[in-house]
Amino acid sequence: MPIIVDRVRISGFRGVRNFEMSLPRVAVLIGPNNCGKTSVLKALQLSLGDYGRHLSDEDFHIDENDSRLGQITVDVRLVATNEEEERVNAFAKEWANEFGDKIQADLESNQFFAFRTTAKPQPAKTGFLVERFTLLEWVGFADWTSVVPLQNQKFFARSEFVPFVPIDAQRDIHQELNERSSFVGRVLSQVKYDKVDVDILEKMISDINDEAVSKSVPLARLKDHFNSLNDSFGGGGSAEVTPFPKKLRDLSKNFSVHFGNSAASSFSMEYHGMGTRSWASMLAVKAFTDLMEELHKAEAEPYHPIIAAEEPEAHLHPNAQRSLFSQLFSATGQTVVSTHSPYLAAMCALPNLRSLSARGGHTQCYSLIDGLSDEELKSLHRQVIRDKGEILFAKALILFEGQTEDQVVPAMFERWFGATAFSKGVNLAAVNGRNYVPYLKLALSLGIPTVIVSDNDTKNGVSSKANVDGQIAKITAETSLDLTANWFRLEYLTDPFDFEAELVKSCGLQVEVIDSFMLMKEGFDPNPQFLTAQRAALEGKNDNQLIEEMRNAKTRYSSFLADVLIENKHNSTREAVVPQAFQNAFATIEGWLN
């Protein structure tokens with residue numbers, strides 16, 4: 001029966017002041033840069049692995065008074081599960097023997113093993129004091145930092161049966177081939193042969209060496225000259241020339257990996273790009289953990305490695321990233337992956353995503369709200385993740401209705417801020433209709449503050465405002481999501497306008513709209529007479545006719561309008577080209593980001 005590290009709590013480590021995260025068997029950590037993903041992995045390594053020897057003063061949190069805290073605290077809880085990853089109330093015999101009297105039980109009689117790792121500077125010595133204590137209870141998150149373990153709860157050795165296996169972002173199989181402490185080196189250290197096999201293989205190597213020397217005039221001549229050494233030893237010496245290692249135990253010293261489209265065209269890893277070398281390094285880790293699992297199983301010992309991969313997608317093609325996730329998902333034990341890849345995140349089951357945010361200056365963790373049906377999860381994946389996976393990495397999100405906005409709003413954002421939305425970590429997304437619910441549930445669950453800017457027209461007898469207000473009311477009633485001003489804002493265009501009408505009747509952008517149509521028509525026919533006639537026809541239309549022309553050409557003219565707004569050859573102010581609802585949205589976003 002397997003186990004799982006199901007909870008981790010961190011205090012005082014880097015930018016992490018007071019943090020809790022639940023962990024499934026495969027967890028994918030997402031979020032913008034500098035949100036704390038690496039810090040969480042390193043804190044886990046401090047608790048479960050060997051990070052204590054890498055600690056520095058910079059790992060200790062600096063509080064709001066610019067004072068460095070004097071202690072790092074990491075609590076970890078391990079629980080028993082069944083094969084379906086559901087928690088069960090008791091550890092299997094082999095784990096019970098391993099954890100022994102450190103096992104505790106909660107009020108529902110569910111067993112757990114929890115321990116605390118602390119790190120403190122040693123003023124009288126160099127370095128830091130790292131200690132581990134068994135926890136007798138797993139208290140609520142509000143009170144966890146007030147728990148003080150007793151000295152008799154201290155233990156010393158890390159469990160060899162729950163090893164921490166780090167895969168960092170700078171992995172390189174070519175370098176690791178020459179490092180005995182690397183995972184490739186540790187696999188090679190397990191290479192052993194029976195005495196009979198050693199004799200057979202070394203006889204084969206000897207024959208190959210003799211054959212190689214006999215077929216090479218330079219090697220044969222070199223051997224003859226080395227035989228002259230006999231004169232120095234009274235004829236009692238013997239020289240050999242061995243192009244290949246003579247002893248089987250020396251083969252690993254020259255171990256190499258070749259790769260190519262075929263055996264005939266393969267070449268050494270040092271000549272491959274970083275993508276192949278990086279991927280090979282991760283596969284070496286998987287080979288190591290699989291080997292260790294077999295060895296522990298042969299000894300009837302438990303084994304549950306915690307594989308922590310930092311940005312495994314680095315240097316990899318999107319299709320390779322998807323394959324990589326499948327390989328990590330099938331790895332022995334438990335896997336925690338930090339990533340900036342929407343392709344890799346899209347491969348993960350949504351409940352396994354852990355979104356980290358540093359809003360307010362301190363790292364916090366968010367995950368999908370409980371209670372979503374299978375159909376809702378499929379809808380989220382289908383409507384959001386599959387086509388707009390980059391939303392997962394946004395610092396803030398602006399949602400709007402349709403295709404015109406999708407092209408034009410980024411230009412408005414750039415005019416307003418003097419910078420692109422992506423450069424500020426803001427995602428702008430069209431929901432292609434009025435259904436904001438999947439986007440809003442996902443974004444707010446994962447700690448991404450969101451603004452909706454909705455049309456304010458009526459279609460087929462249904463008011464956009466009534467429709468969207470109803471969606472928000474339903475989310476408020478059925479979920480625990482925070483729709484207060486710190487996380488959510490809803491704006492409507494001028495009543496009763498859609499986006500096209502807003503541009504013409506509220507903003508007065510008739511000239512810019514006509515310019516965008518002319519840019520589009522130049523691509524069809526650059527004939528000056530044709531273009532002059534077309535401009536005259538557009539300028540002769542009243543506002544309603546121009547708006548209808550826009551609605552009929554949504555996907556064709558809107559990208560040209562974006563170009564016109566950015567170029568701004570009419571020297572319009574930013575307030576003149578951005579509707580009031582979007583001005584309000586941008587001001588809200590600016591407040592959230594600051």
Side-chain angles (χ1 to χ4, degrees), residues 15-16 19 21 26-41 169 308-322 324-325 328 335-369 380-400 406 409-410 413-414 417 419-431 436 438-452 481 487-488 585 588-590 592-594:
V16 184
F19 174 92
M21 179 171 67
V26 177
V28 175
L29 310 186
I30 57 174
N33 288 324
N34 300 318
C35 67
K37 297 187 294 295
T38 299
S39 296
V40 169
L41 293 182
E310 184 178 2
E311 298 180 28
E313 73 277 4
H315 314 295
L316 294 182
H317 183 276
N319 287 337
Q321 293 177 29
R322 296 183 177 100
L324 170 65
F325 182 81
L328 290 173
T335 303
V336 185
V337 177
S338 73
T339 184
H340 289 121
S341 167
Y343 306 105
L344 197 151
M347 295 287 292
C348 176
L350 289 176
N352 290 354
L353 290 174
R354 297 294 179 269
S355 176
L356 272 58
S357 170
R359 283 190 75 200
H362 302 289
T363 298
Q364 302 174 70
C365 181
Y366 301 88
S367 57
L368 200 64
I369 56 174
L380 283 171
H381 205 282
R382 182 174 60 250
Q383 297 187 48
V384 184
I385 303 302
R386 187 176 62 189
D387 298 322
K388 295 185 173 66
E390 66 275 8
I391 285 175
L392 298 173
F393 302 90
K395 291 181 180 178
L397 176 64
I398 300 179
L399 298 175
F400 35 76
D406 213 15
V409 173
F413 188 102
E414 189 169 345
F417 287 100
T420 63
F422 287 116
S423 70
K424 286 186 167 290
V426 178
N427 194 272
L428 313 172
V431 303
Y436 293 99
Y439 294 84
L440 198 56
K441 282 185 176 180
L442 184 68
L444 295 183
S445 288
L446 299 182
I448 303 169
T450 302
V451 182
I452 292 175
L481 294 173
W487 292 98
F488 175 68
T588 299
I589 291 289
E590 191 166 28
W592 285 341
L593 295 181
N594 294 333

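When reading the values below, keep in mind they use all heavy atoms of this one structure, side chains included, and skip hydrogens, waters and symmetry mates. Since this is a predicted model, take the numbers as computed values, not measurements.
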Residues, nucleotides or ligands: over 12 heavy atoms within 6.0 Å of F417 CZ: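 More than 12 heavy atoms, drawn from other residues, nucleotides or ligands, come within 6.0 Å of this atom.
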Short side-chain to backbone donor-acceptor contact, [X] and [Y], under 3.5 Å:
X: E313; Y: H340; answer: yes
X: H381; Y: A346; answer: yes
X: S367; Y: C365; answer: no
X: K388; Y: A430; answer: yes

Just verifying a value: how many Å separate [X] [atom1] and [Y] [atom2], rounded to the nearest 0.5 Å?
X: L442; Y: L481; atom1: CG; atom2: CG; result: 10.0 Å
X: I448; Y: Y439; atom1: CD1; atom2: OH; result: 13.0 Å
X: T38; Y: L356; atom1: OG1; atom2: CG; result: 10.0 Å
X: I391; Y: T450; atom1: CD1; atom2: OG1; result: 8.5 Å

Can you sort out the partners of S357 under side-chain hydrogen bond (donor to acceptor under 3.5 Å, both in side chains), two or more places apart, ordered by chain and number?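 S357 satisfies side-chain hydrogen bond (donor to acceptor under 3.5 Å, both in side chains) with no residue once adjacent residues are dropped.
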Run the numbers on I452 and F488 for side chain to side chain contact (heavy atoms under 4.5 Å, CB included), then give the verdict. CA-CA 8 Å; I452 292 175; F488 175 68; 3.9 Å; yes
Considering all heavy atoms of both residues, which atom of S355 and which atom of L446 are nearest to each other, and what is their separation?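 The answer is OG-O, 2.7 Å.
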Stepwise side chain to side chain contact (heavy atoms under 4.5 Å, CB included) test for F400 and D406: CA-CA 8 Å; F400 35 76; D406 213 15; 4.0 Å; yes
pair Y366-L353: side-chain heavy atoms closer than 4.5 Å: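 Counting from C-beta outward, Y366 and L353 never come under 4.5 Å.
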